[in-house]
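The structure appears below as structure tokens.
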Amino acid sequence: MTHYDLLILGSGSGNSLITPYWDDKKVAIVDGGIFGGTCLNVGCIPTKMFVYPAQLAGSTAEAKRLGVDLEFKGARWEEIRDRIFGRIDAISEGGRKYRVELENVDLYAEFATFTSPKSMVTATGKEITADKVVIAAGSRAVLPDIPGIDLPQVHTSDTIMRVDFPQRVVVVGSGFIAAEFANIFHSLGANVTQLSRSGQLLRGHDPLISERYTADASKRWSVRHATPTAIESATDGSVVVRYEDPSDGASQASEIPADVVLFATGRVSNVDRIDPEAAGFDVADGILSVDDFQRVLSNGEPLEGVFALGDVSNDYQLKHVANREARVVIHNLEHPDDLRATDHRAVPSAVFTHPQVASVGLTEPQARELAAQEQWPEGELAIAVQDYGSTAYGWAMEDQTGFVKLIARRSTGEILGAHLMGHEASNLIQPLVQAMVFGTDAHSLARAPFWIHPALMEVVENALLSLNTKDSGAL
Ligand SMILES: Cc1cc2nc3c(=O)[nH]c(=O)nc-3n(C[C@H](O)[C@H](O)[C@H](O)COP(=O)(O)OP(=O)(O)OC[C@H]3O[C@@H](n4cnc5c(N)ncnc54)[C@H](O)[C@@H]3O)c2cc1C
Ligand SMILES: NC(=O)c1ccc[n+]([C@@H]2O[C@H](COP(=O)([O-])OP(=O)(O)OC[C@H]3O[C@@H](n4cnc5c(N)ncnc54)[C@H](O)[C@@H]3O)[C@@H](O)[C@H]2O)c1
């Protein structure tokens, strides 16, 4: 048995916890997967490195509308892939080497489970104990249990980015990952079919986003209201995806050939893989339970010196949330008598598809529910939708799809939610996130700062003005 001052389970966001504070202390980091975790190796970073070339490839269609004739001659997928992973793999390996070479840090490159709140056993039987423990074990993709799901042509986001270029891609799912990959493959020249069991894409978003994104995506690639039932090998090395199409009421069986099939059907916390029962950790709705200070709970009470962060213990499944929680854990590990809490208000997200989608706060149905629950007077809910095309830069772009939807409380100007679709939505949303966090009302946000003319950001300014919330005095 080896004892440490700190044991970290998971080298994704967990890797950032080893600050200079630990230089003269012994640290164990345990990871049975690729060093650096999901975001670096198979998540945010490589996907966005594909998204950008896909955006360039897709821009030729938009240029045409503006009188610029660009030709998409094709994408060198294998070159793009090898460039991306040439960088990513080197960063992962460099990070691993750096850790291994530190005298005070031991890396256990194997899976491990808890035997008590502060002790683990690795797959090869090594026992590790520590004074303090941080669980940053992440999440994993889930696949439906249907015949053929184990075929080599079937992928999750973990493996799809390493394939040779597929001519025919079937994407199953309608969430973040499906939206990003359907756009990547379509823009880079593949024939994409997306199977959506509800027929509506990005259904977890505000209904206007879901409606307009589904309409836009359906013009670009084939979107079918369908649930896959089986995948079968074809004689030429490809597969056939069988699916039920419930769109006409009576469900009909159909099929589609594919070179690869991507299942983007959600991710679950890895808490079930760390033996939480043996440690007495609380698990609720499949997620490791923590309090506001990121302390792991046992029978509803925080365990001293045991923290968790990231996808294993939150259902946002976003890297910026894991990073924030890691900063809180860093502080709380080093200052046990001055604990700080994670502020999970106004968590934004963006889907890096085309057009981009960005959201923060309540959707319209959620806001209406809140208004009903709290018996707000008629007209208290202020909603504004501003099209990109209604602003000067939107004219320049001849934009036909982008919009900003804002939801606020009229009497106070409190911004309750923001939902954007269009060019750079992931950036345009940021002042709205700031306002929600700092409690800036919509009227003041629209009028107190100058908004650069004629920047695209004016669409946010105009949406705020259209809300017509209480006059805060700002001009
Ligand atoms: C395709 C894709 C794209 C994404 N894009 C974005 C994006 O654009 N923006 C964004 O904000 N988020 C994005 N995300 C989500 C983001 O990647 C995650 O929220 C984030 O990486 C979670 O970090 P983590 O530290 O909690 O877990 P991870 O980074 O997953 O780290 C967990 C580590 O724990 C290890 N581990 C687990 N169990 C054990 C065990 N029992 N023993 C030993 N080791 C174990 C795993 O091997 C893994 O390395 C994306 C995710 C995916 C899949
Ligand atoms: N840009 C980003 O921030 C980004 C990008 C990718 C992933 N992520 C994170 O990763 C998480 C997981 O992404 P995701 O797209 O896998 O999950 P998701 O929850 O966004 O979407 C899952 C989709 O799969 C469908 N589905 C589930 N089971 C199914 C089945 N048996 N058959 C057919 N369809 C089924 C659901 O209806 C849903 O449309 C996201 O919630 C997100 O937080 C973030």
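What you are looking at is a predicted structure, and each value in this text was computed from that prediction instead of being measured. Both counts, for ligands and for their atoms, begin at 1 and track the order of listing.
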Output yes when the distance from some N or O of ligand 1 to some N or O of [X] is under 3.5 Å, and no in every other case.
| X | answer |
| --- | --- |
| Thr47 | no |
| Ser13 | yes |
| Lys48 | yes |
| Ser139 | no |
| Gly33 | yes |
| Val312 | no |

Note to self: Considering Phe35, Phe111, Tyr108 one by one, which has a heavy atom nearer to atom 40 (C) of ligand 1 than any of the others?
What the structure shows: Phe111

Item checked: Nearest neighbour of atom 12 (C) of ligand 2 from the list Arg267, His320, Gln200, on a heavy-atom basis -> Arg267

Heavy atom under 4.0 Å from ligand 2: found in [X]'s side chain, backbone, both, or neither?
| X | result |
| --- | --- |
| Arg197 | side chain |
| Arg203 | neither |
| Ala141 | neither |

Next item on the list: Step by step, work out the salt bridge (Lys or Arg N to Asp or Glu O under 4.0 Å) result for Arg295 and Glu304.
Entry: CA-CA 7 Å; Arg295 293 179 297 186; Glu304 187 279 319; over 6 Å; no

Margin query: If you define the side chain from C-beta out and look only at heavy atoms, does anything of Val133 sit under 4.5 Å from Phe114?
Written below: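 Yes. Closest side-chain heavy atoms under 4.5 Å.
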
Notebook entry, point to check: Which ligand 1 atoms does Gly138 reach within 4.0 Å, using its non-hydrogen atoms?
Noted result: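 This gives 26 (O), 27 (O), 30 (O), 32 (C) as the contact atoms.
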
Next item on the list: Record the part of Val321 in heavy-atom contact with ligand 1 below 4.0 Å; permitted values are side chain, backbone, both and neither.
Entry: neither

Checklist line | Side chain Asp5, main chain Lys25, donor-acceptor under 3.5 Å | finding: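 No; judged by distance alone, with no hydrogens or angles, the pair does not exist.
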
Notebook entry, point to check: Stepwise, does the side-chain hydrogen bond (donor to acceptor under 3.5 Å, both in side chains) test hold for His344 with Glu325?
Noted result: CA-CA 9 Å; His344 283 112; Glu325 292 176 352; 2.7 Å; yes

